[in-house]
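Working notes, beginning with the structure itself.
Read the numbers this way: they start at 1 and go in the same order the structure lists the ligands and their atoms. All heavy atoms count here, side chains included; hydrogens, waters and symmetry mates do not.
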Amino acid sequence: AAKHLGRNNFQIYEVSPEQARQHDVALKSRLRTAARNGELKLVYQPQVDAASEDIVGMEALLRWEHPELGPISPATFIPLAEETGLIVSIGEWVLRTACAQAQDWERRYGLRLRLGVNLSAVQLMEADLLDTVAAVLRETGLDPGLLELEVTESISIKAVPNLLENLHGLHRLGCRIAIDDFGTGAASLDYLRKLPADRIKIDQSFVRNIGLDPDDEAIVRATIEMAHRLNRGVVAEGVEIESHLAFLRANQCDELQGYLFCRPLTQISFENLLAERQRLLAGAAAGLSAGEA
Ligand code: C2E
Ligand code: MG
Ligand code: MG
Ligand code: MG
């Protein structure tokens, strides 16, 4: 039951199911006002090109800073937000905030970074999801081609009747679709066949075992090859050490995301990163032209 409280909350007592339920109820009611009270924040994790290691995109990840309990993991509060339906308004806030941010960074740094935003199954059931996304794109001015919506593979095609219709609609808006946590669901291949996905994100549970488990290595290698044969791009999640990078690069994975390159960053830290990159490139260009002269 202690897992209900999230791993960030230090638990020394055994918690009864009733206490856990009450805690969830309290969190749910608090979550109702969290966005309004400025307790929700987005962090952004860079995605890099596997060959050059240059930044090519980022994933927006939600954070909740509870005034008394401190940071609460999305693994804890996203399910609560889904149960209450709050994920619909929270998800819209995430989309609007992240798209506005990406558009602002494009304008200020002249960098066309792709933006990944996670969508919950509950959002994908909404009849007006497409209207919401279209409105956000219009309001923020972000190029739809830069927005990649991430759909986790654990969502059942049967349980979410609007899923395919909504994903095709998102494509018609010009957005991209990524299958998140690929390989962990029960129907990976069925998903790949039926979903209009532009790329897949190999789940970190496979990436973590590179160098440790030959079976998982074989799965990673086969997944990359299969994706490419189907004309899909591949991103590996949870790239933590050099040997993961070497393996993924040798096997032609397109893009990488993980602590080896960067943790999820606050807005300010992300801007520092972009500014630093700009300085380095300007310095290299100046060095080059000085060398030519
Ligand atoms: P995800 O979409 O698969 O996001 C990747 C998760 O892996 C993030 O966890 C990220 O911080 C973590 N990660 C990145 N690199 C590494 C690494 O090298 N090693 C390890 N161990 N972990 C790494 P986070 O931010 O805790 O998010 C957990 C999940 O919560 C996400 O998994 C996503 O399913 C969900 N989530 C987060 N933000 C949102 C959101 O705005 N909307 C929805 N619906 N779900 C969200
Ligand atoms: Mg994701
Ligand atoms: Mg996910
Ligand atoms: Mg994932």
If you round to the nearest 0.5 Å, how far is OG1 of Thr132 from CG of Asp128? 4.5 Å

With side chains defined as the heavy atoms from C-beta onward, is the minimum distance between Leu147 and Arg114 less than 4.5 Å? no

Once you restrict to heavy atoms under 4.0 Å, what part of Gln204 touches ligand 1? Side chain, backbone, both or neither. side chain

Determine, using heavy atoms of Gly238 and all atoms of ligand 1, whether some pair is separated by less than 4.0 Å. yes

The atom of Glu150 among N, O or S that is nearest the Mg ion (ligand 2) is OE1

Of Leu61, Thr152, Leu42, the one whose closest heavy atom lies nearest atom 10 (C) of ligand 1 is Leu61

Quick check: does Thr152 put an N/O/S atom under 2.8 Å from the Mg ion (ligand 2)? no

State if Arg63 counts as touching ligand 1 under the rule of any non-hydrogen atom under 4.0 Å. yes

Glu59 near the Mg ion (ligand 2): N/O/S under 2.8 Å: yes

Glu237: heavy atom below 4.0 Å from ligand 1, yes or no? yes

Is the distance from the Mg ion (ligand 2) to the nearest N/O/S atom of Asp180 under 2.8 Å? yes

By number and element, which atoms of ligand 1 are closer than 4.0 Å to a non-hydrogen atom of Asp180? 1 (P), 2 (O), 3 (O)

Determine, using heavy atoms of Ser73 and all atoms of ligand 1, whether some pair is separated by less than 4.0 Å. no

With backbone taken as N, CA, C and O and side chain as the heavy atoms from C-beta onward, which portion of Ser120 lies under 4.0 Å from ligand 1: side chain, backbone, both, or neither? both

Strictly under 4.0 Å, does any heavy atom of Asp181 approach an atom of ligand 1? yes

At what distance, to the nearest 0.5 angstrom, does CD of Glu65 lie from CD of Glu39? 8.5 Å

Are the charged groups of Arg21 and Asp24 less than 4.0 angstrom apart, N to O? no

Is it true that Arg263 lies under 4.0 Å from ligand 1, counting heavy atoms only? no

